[in-house]
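Data first, discussion second: the structure below is written as structure tokens.
All residue numbers refer to positions in the sequence shown, counting from 1.
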Amino acid sequence: MPLLTLDEFFCGNAQEDSIAPNQGGFGRPSLAEIWDLFRKIELMPNVAWVRVALHDDTEIIEDHGTEVLSLSGESIVVCTDMKATELEEIANCEWLCLEQLK
């Protein structure tokens with residue numbers, strides 16, 4: 001599966017369960033909040049890019065006779081030379097309800 005830019009994944013995506021669906025209802029922030037956080041991280045001088053890795057469940061479905069892309073994000077990938085602990089703090093992993101980065 002390809003890596004999508006933040007805009008490719010989040011822009012126009014209203015499926016709240018398209019990323020971290022098991023965390024929905026358990027404090028996971030909205031897609032808009034996640035997008036905003038990672039856009040800010042991507043603008044940092046020591047970050048080359050941020051992408052969304054797609055899950056195998058990403059597919060094209062038919063909705064009332066129209067083909068629609070149903071996105072399913074696996075994880076968010078940050079290309080940086082930052083230490084994992086620093087990125088964990090900046091990304092506020094606890095707030096995102098994500099596993100700690102290794």
Side-chain angles (χ1 to χ4, degrees):
M1 295 300 242
L3 296 175
L4 298 183
T5 67
L6 294 174
D7 286 346
E8 288 171 334
F9 184 83
F10 288 103
C11 187
N13 182 358
Q15 291 179 269
E16 284 293 330
D17 64 347
S18 63
I19 196 161
N22 296 337
Q23 300 299 334
F26 295 100
R28 194 213 72 200
S30 70
L31 285 180
E33 292 171 305
I34 295 170
W35 187 14
D36 184 56
L37 171 67
F38 282 99
R39 279 191 296 200
K40 290 175 182 169
I41 289 172
E42 191 169 41
L43 294 174
M44 297 177 73
N46 55 343
V47 173
W49 48 258
V50 179
R51 300 290 187 267
V52 179
L54 295 179
H55 189 276
D56 292 343
D57 290 342
T58 296
E59 62 184 343
I60 296 175
I61 59 173
E62 190 171 319
D63 183 25
H64 297 52
T66 303
E67 289 185 340
V68 178
L69 178 62
S70 177
L71 292 172
S72 184
E74 176 69 29
S75 58
I76 297 177
V77 182
V78 179
C79 180
T80 183
D81 61 359
M82 216 181 300
K83 291 184 179 183
T85 53
E86 184 181 356
L87 181 57
E88 289 170 6
E89 189 173 317
I90 292 168
N92 199 346
C93 290
E94 186 175 326
W95 176 70
L96 289 170
C97 301
L98 299 174
E99 290 183 27
Q100 294 295 311
L101 302 173
K102 306 234 180 196

Single-linkage hydrophobic cluster, 4.5 Å side-chain cutoff, M44 and I34 together: yes
Side-chain heavy-atom pair W49, T5 within 4.5 angstrom cut-off: no
Same apolar cluster (I L V M F W Y, side chains within < 4.5 Å links), I60/L4: yes
Closest approach of L31 to A14 (non-hydrogen atoms, all atoms of both residues): CD1-C, 4.4 Å
Taking every non-hydrogen atom, the tightest pair across A53 and V77: CB-CG2, 4.2 Å
Student check: side-chain heavy atoms of V78 and F38 closer than 4.5 Å: yes
I19 side chain near N13 side chain, heavy-atom distance below 4.5 Å: no
Pairwise distance CD1(I76) to CG(L37) - rounded to 0.5 angstrom: 8.0 Å
Smallest separation among heavy atoms of I90 and M82, with atom names: CD1-SD, 3.5 Å
Side-chain touch L71/V52, heavy atoms, less than 4.5 angstrom: no
Separation of L6 CG from C11 SG (nearest 0.5 Å): 11.0 Å
Taking every non-hydrogen atom, the tightest pair across Q15 and L69: OE1-O, 4.3 Å
Rounded distance [0.5 Å steps], OG1 in T80 versus CG in N46: 4.5 Å
Atom of L3, atom of E8 and distance for their closest heavy-atom approach: O-OE1, 4.4 Å
Within 6.0 Å of CD in E62, more than 12 heavy atoms from elsewhere: yes
D36 side chain reached by K40 side chain, heavy atoms, under 4.5 Å: yes
